[in-house]
Asker: 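Take this structure, written in C-alpha cells, and hold onto it; I'll ask about it next.
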Amino acid sequence: MKNSKFVIIGAGIGGLICGCYLAKKGRKVIILERHNKPGGCVTSITRKNVVFDVGAHLIGSCGERGLFTKYLSDLGITIDFIRLNPTDRFHFPDISIAVPQDIDDFIKQLSQRFPAESESIGKFFKELFKIARNFDSNIILNKYQEYSYKHFLDKFFSNIKLRAILSAQFNYIGSSPKTASALLMCLMMYSYLKEGTYIVKGGAQNLSDKLAHKFLEYGGTLLLNTSVEKICVKATHAISVITNTGHSYAFDCVISNMDAPKTIHNLVGDEFFPTEYIEKINNYKIGKSSFMVFLIANIPYEKLVDVSGWHYLSYDLDNPRCKSFYIFVSTLYDDSLNRNGMHNIELAMPFPYDVSSIDDWSKIQNELETNLIDRANEVIKDLKKNILYKFSATPKTIERFTNNSNGTLYGWEMSTYQVQRYGLDHETPIKNLFLVGHWTKPGCGVVSVATSAWKLAKKIVNRE
C-alpha cells in the first residue's frame, strides 16, 4: 500500500538502492544513517586536496548491459564510470599477468602460456559463464552449492600456477580458494572479467551521493548523524525505532542495512527470536577485515603503471604464509583526481590477526603500516623517499565508520557453508523486520549488495 511507512537503518548501497526503489514506488521512506555522509563501504575522503576511496572502489557490471547499470538506469541515475584497462593485474614470483578487457583475449593468453591446459581452460570458462548466468537456478544450486572454489578448480586443472592465476581475485570476497564458495567466486569473476571492472569518476562518494540525491528527489527523508539505538518489538512485530537523539519513529516495516549480528543481538534482543534462529546467527563466521595504507606520493607515472593489482609471495594461495598485498592507484585512470603529478596510492592486505585478540591497536597499526610500505617499496622504486603524506586504517577504524563487526568488509565469511543453503534470508522471524546488504544473499560486493536491495524492495512492493 502506498501509505506504508518504511524505516531503513543505514545509508550504505543496500539502504540507498532499497530506499530509492520504495520511494519511487510512492512509499514513505526514511533512512537513518549514523555517519555524516551516505555510502557505508562506498565512500571517499579528501586529504591534502587528494581524493581516496576508503572502502570498495572496484565495481563490476557497469557496462551498457551490466546488471548494476540496469539498477541505476531504472532509478533514473547516471554515473560516470571509468573502465579499467587492463581489467586487473596479478603478480607472482615469476609471472605477472595483465588481464585484458576482452575475456576471449585473456583465455587466449592463458592458453598460449599453458598450451597443455588449453582445452581445459576453454571448458573452465564455459562452465564459469554458465554458473554466473544461471546463479539462482535450482539446477546450478543443486550441482554447485556444496563446492568450494578449490573443488571447482579440481574439476579442470592440476597445474598450480594456472590454478593460482585463476584464483588471484579471491581476496575480493575475502575467502581463500579452499573455503570460498565456488558459486560466489564464479559470479564475482564473471562480473569483473566478462562485464568489466570500473571505478567511479571523481571517487566512489559520487555514486553514493547521487543515490542519496535521487532518494530525496523521490520524496524520501535522509537523516545523517542519526544512529538507531533500539528496535522496539511488541509480540511478534517491530513497531518503532529509537535513535541517539531520543526520537522515536513508528513504521509499518523496518529494513536494516547495518551489521546483521548487531541488529539482532543489540537493537532487537535475542529474547524476541526463536532459539534456533539465534543459534544459526551465532554459528555463522564473520568475514575478514583488511589493513589499509593511503599515500600521497610524487612518483612518475611509468613507475606505477605496471605494479598495480595483487602481489603474492607464492602460488599456494591457501597457505596462510602466502602473504598477499594490493596496490591500486586511481590517479592512473582518473585524470580528475590527479593533483600536479601527485598520485594517491592505496595499499591493502588481509588483516593477519584475530581482531578480538588485539589490545594495543596503535602498536599493530605502526608495525603493519611500516611493513606494508616496505613491501610496496620493493616494487615501486624510491616510493618511501617520495611519500608526501600517509595515513592508515585498521579493522577498528573500519568498524568505527561502518559499524561492521570486527571491521569486516564482507559481512559473513563467503564460504561454501554459509553462502547459499545456509545463507541469511531477507526476512526474519519478526514479520516486519527485514535485513539487506552483504549479510544477506547473494553476498558481498557492490553489485551483490545492490541485487540484495533490489530483490527485497521489489518483493515488498509486489507483496503489497
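Just so you know, residue 1 is the first one in the sequence shown, and it goes up from there.
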Asker: Could you check if a side-chain atom of Tyr353 sits within less than 4.5 angstrom of a side-chain atom of Leu368, using non-hydrogen atoms only?
Answerer: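 A side-chain contact under 4.5 Å exists here.
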
Asker: Find out whether Tyr190 and Arg133 are in side-chain contact, i.e. whether some heavy atom of one side chain is under 4.5 Å from a heavy atom of the other.
Answerer: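 The answer is yes, as the side chains (C-beta and beyond) meet within the 4.5 Å cut-off.
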
Asker: Can any side-chain N or O of Trp412 pair as donor or acceptor with the backbone N or O of Trp439 at less than 3.5 Å?
Answerer: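 Checking the backbone N and O of Trp439 against the side chain of Trp412, a donor-acceptor pair under 3.5 Å is found.
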
Asker: Looking at Gly287, is its backbone amide N or carbonyl O close enough to the side chain of Thr408 to form a donor-acceptor pair, meaning the two atoms are under 3.5 Å apart?
Answerer: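 Side chain of Thr408 to backbone of Gly287, a donor-acceptor pair under 3.5 Å: yes, one is there.
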
Asker: Do Phe170 and Met185 make a side-chain contact, defined as non-hydrogen atoms from C-beta onward lying under 4.5 Å apart?
Answerer: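 Yes, close enough: below the 4.5 Å cut-off.
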
Asker: For Lys262, look at atom NZ and say whether over 12 heavy atoms of other residues, nucleotides or ligands are found less than 6.0 Å away.
Answerer: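 Yes, because the 6.0 Å sphere around NZ of Lys262 holds more than 12 heavy atoms from other groups.
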
Asker: What is the distance from atom OG of Ser324 to atom CZ of Phe90, rounded to the nearest 0.5 Å?
Answerer: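 One gets 12.5 Å once the value is rounded to the nearest 0.5 Å.
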
Asker: Checking Leu166 against Phe125 for the side chain to side chain contact (heavy atoms under 4.5 Å, CB included) test, could you report, in this order, the C-alpha distance in whole Å, the side-chain angles of both residues, the deciding distance, and whether it holds?
Answerer: CA-CA 10 Å; Leu166 292 172; Phe125 278 101; 3.8 Å; yes

Asker: Please find the pair of heavy atoms, one from Glu217 and one from Lys214, that lie closest to each other, and give the distance.
Answerer: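 It is OE1-NZ, 3.0 Å.
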
Asker: Can you tell me how far the OG1 atom of Thr428 sits from the CZ atom of Phe434, to the nearest 0.5 Å?
Answerer: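 Here the rounded value is 7.5 Å.
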
Asker: State, yes or no, whether a side-chain contact exists between Leu224 and Leu222 at a heavy-atom distance under 4.5 Å.
Answerer: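 Leu224 reaches Leu222 side chain to side chain.
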
Asker: Can you pull the ring-ring contact (aromatic ring centres under 6.0 Å, His included) pairs that have at least one residue in residues 46-82, sequence neighbours excluded?
Answerer: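 As it turns out, the ring-ring contact (aromatic ring centres under 6.0 Å, His included) pairs with a partner in residues 46-82, which skip direct neighbours, are Phe52-Phe294, Phe52-Phe391, His57-Phe328, Tyr71-Trp454.
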
Asker: How about Met342 and Lys48: do any of their side-chain heavy atoms sit closer than 4.5 Å?
Answerer: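 A side-chain contact under 4.5 Å is absent here.
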
Asker: Check the pair Phe272 / Ile231 against side chain to side chain contact (heavy atoms under 4.5 Å, CB included), numbers first and verdict last.
Answerer: CA-CA 11 Å; Phe272 292 101; Ile231 298 174; over 6 Å; no

Asker: Check the pair Cys41, Asn404 against side chain to side chain contact (heavy atoms under 4.5 Å, CB included), reporting the backbone distance first and the verdict last.
Answerer: CA-CA 10 Å; Cys41 289; Asn404 278 334; 3.8 Å; yes

Asker: Looking at Glu271, I want to see if its CD is surrounded by more than 12 non-hydrogen atoms of other residues, nucleotides or ligands under 6.0 Å.
Answerer: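 Atom CD in Glu271 is crowded, with more than 12 foreign heavy atoms closer than 6.0 Å.
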
Asker: Does a side-chain heavy-atom distance below 4.5 Å link Val355 with Trp361?
Answerer: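 With C-beta onward as the side chain, the pair touches.
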
Asker: Can you find a side-chain donor-acceptor pair between Ser289 and Asn406 that sits under 3.5 Å?
Answerer: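 The criterion, which ignores hydrogens and geometry beyond distance, is not satisfied for Asn406 and Ser289.
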
Asker: Looking only at atom types and distance, does a side-chain atom of Asn257 sit under 3.5 Å from a main-chain N or O of Gly12, one as donor and one as acceptor?
Answerer: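 Here the side-chain-to-backbone pair exists.
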
Asker: Tell me if a side-chain donor or acceptor on Glu195 pairs with a main-chain N or O of Gly66 at a distance below 3.5 Å.
Answerer: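 Here the side-chain-to-backbone pair does not exist.
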
Asker: Apply side-chain hydrogen bond (donor to acceptor under 3.5 Å, both in side chains) to Thr397 and Thr394, showing your working.
Answerer: CA-CA 5 Å; Thr397 315; Thr394 70; 3.3 Å; yes

Asker: Keeping the roles fixed (side chain from Thr451, backbone from Val447), state whether a donor-acceptor pair exists under 3.5 Å.
Answerer: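 Present.
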
Asker: Check each of Thr245, Asn244, Thr243 against His247 using the side-chain hydrogen bond (donor to acceptor under 3.5 Å, both in side chains) test, and report the only one that passes.
Answerer: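 Of the listed residues Thr245, Asn244, Thr243, the side-chain hydrogen bond (donor to acceptor under 3.5 Å, both in side chains) partner of His247 is Thr245.
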
Asker: Please evaluate residues Phe251 and Phe6 with respect to the criterion ring-ring contact (aromatic ring centres under 6.0 Å, His included), reporting the C-alpha separation (whole Å), side-chain torsions for both, the decisive distance (0.1 Å), and the verdict.
Answerer: CA-CA 6 Å; Phe251 51 76; Phe6 294 84; 9.3 Å; no

Asker: Nearest 0.5 Å please: distance from the CG atom of Asn432 over to the CG atom of Asp252.
Answerer: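 That separation rounds to 8.0 Å.
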
Asker: Where is the tightest heavy-atom contact between Gly203 and Leu337, given as atom of each residue plus distance?
Answerer: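 Result for this residue pair: N-CD2, 4.4 Å.
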
Asker: So, does Lys210 use its side chain to make a donor-acceptor pair with the main chain of Thr78 at under 3.5 Å?
Answerer: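 Pair found, side chain donor or acceptor close to backbone of Thr78.
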
Asker: Could you state the interatomic distance from CD1 (Ile380) to OG (Ser308), rounded to the nearest 0.5 Å?
Answerer: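 Going from the CD1 atom of Ile380 to the OG atom of Ser308 covers 9.0 Å.
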
Asker: List in chain and number order the residues that pass ring-ring contact (aromatic ring centres under 6.0 Å, His included) with Tyr147, two or more places apart in sequence or in another chain; answer none if no residue qualifies.
Answerer: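 Scan of Tyr147 (ring-ring contact (aromatic ring centres under 6.0 Å, His included), adjacent residues dropped) gives Tyr144, His151.
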
Asker: Verify, without hydrogens or angle tests, whether Ser44 (side chain) and Ala204 (backbone) share a donor-acceptor contact under 3.5 angstrom.
Answerer: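 A pair under 3.5 Å: yes.
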
Asker: Check whether Gln101 reaches the backbone of Leu84 with its side chain - one donor and one acceptor, N or O, closer than 3.5 Å.
Answerer: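 Yes, the answer is positive, given that a donor and an acceptor are paired below the 3.5 Å cut-off.
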
Asker: Please name the pair of heavy atoms, one in Ile31 and one in Gly19, separated by the smallest distance, quoted to 0.1 Å.
Answerer: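 Minimum heavy-atom contact is CD1-CA, 4.4 Å.
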
Asker: Using a 4.5 Å cut-off on heavy atoms from C-beta on, say whether the side chain of Leu267 contacts that of Ile9.
Answerer: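 A side-chain contact under 4.5 Å exists here.
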
Asker: To the nearest 0.5 Å, tell me how far Leu184 CG sits from Lys441 NZ.
Answerer: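 Between atom CG of Leu184 and atom NZ of Lys441 there are 12.5 Å.
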
Asker: Please give me the minimum heavy-atom distance between Leu22 and Ala457, naming the atom from each residue.
Answerer: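 Answer, listing the atom of Leu22 first, then Ala457: CD2-O, 4.0 Å.
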
Asker: Could you go through Ser61 and Ser191, starting from their C-alpha distance and side-chain angles, then the distance that decides it, and tell me whether this counts as side-chain hydrogen bond (donor to acceptor under 3.5 Å, both in side chains)?
Answerer: CA-CA 5 Å; Ser61 301; Ser191 176; 3.0 Å; yes

Asker: Could you go through the ring-ring contact (aromatic ring centres under 6.0 Å, His included) check for Tyr192 and Tyr172 one step at a time?
Answerer: CA-CA 10 Å; Tyr192 285 157; Tyr172 292 141; 5.3 Å; yes

Asker: Can you tell me if Thr440 uses its side chain to pair, donor with acceptor, with the backbone of Gly437 under 3.5 Å?
Answerer: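 Such a contact is found between Thr440 side chain and Gly437 backbone.
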
Asker: Is it true that the side chains of Ser392 and Gln365 contain a donor and an acceptor less than 3.5 Å apart?
Answerer: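 Yes, because at least one side-chain N or O of Ser392 sits under 3.5 Å from a partner of the opposite role on Gln365.
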
Asker: Test ring-ring contact (aromatic ring centres under 6.0 Å, His included) on His311 and Phe325; report intermediate values, then the result.
Answerer: CA-CA 5 Å; His311 293 254; Phe325 74 100; 4.9 Å; yes

Asker: Grab the two heavy atoms, one from Ile30 and one from Tyr249, that are nearest each other, plus how far apart they are.
Answerer: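 Closest approach of Ile30 to Tyr249, heavy atoms only: CD1-CE2, 3.8 Å.
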
Asker: What closest approach, in Å, do Lys230 and Val268 show between heavy atoms, and which atom pair accounts for it?
Answerer: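 Nearest pair, atom of Lys230 first, then Val268: NZ-O, 4.4 Å.
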
Asker: Would you call Pro442 and Ser452 a side-chain contact if the rule is heavy atoms closer than 4.5 Å?
Answerer: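 Side chain of Pro442 against side chain of Ser452, heavy atoms only: contact under 4.5 Å found.
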
Asker: Just how far is it from atom OG of Ser148 to atom CG of Leu183, taken to the nearest 0.5 Å?
Answerer: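 Going from OG on Ser148 over to CG on Leu183, the span is 11.0 Å.
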
Asker: Is the number of heavy atoms from other residues, nucleotides or ligands within 6.0 Å of NZ (Lys37) greater than 12?
Answerer: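 Result for NZ/Lys37: enclosed.
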
Asker: Taking the six-membered ring for Trp, are Tyr277 and Phe273 parallel (under 30°), tilted (30 to 60°) or perpendicular (over 60°)?
Answerer: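 The arrangement is parallel - the two ring planes meet at less than 30°.
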
Asker: Run the salt bridge (charged side-chain N to carboxylate O under 4.0 Å, His left out) test on Glu427 and Arg463 for me, step by step, so that the C-alpha distance in whole Å, both residues' side-chain angles and the decisive distance to 0.1 Å come before the verdict.
Answerer: CA-CA 13 Å; Glu427 297 186 54; Arg463 181 180 293 176; 3.0 Å; yes

Asker: With distance as the sole test, does Tyr312 use its side chain to make a donor-acceptor pair with the main-chain N or O of Ala168 at under 3.5 Å?
Answerer: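 Present.
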
Asker: So does His213 have more than 12 non-hydrogen atoms from other groups sitting under 6.0 Å from NE2?
Answerer: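 Check fails, neighbour count at 12 or below.
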
Asker: Side chain to side chain contact (heavy atoms under 4.5 Å, CB included) for Gln205 and Val51? Distances and angles first, verdict last.
Answerer: CA-CA 10 Å; Gln205 190 66 51; Val51 176; over 6 Å; no

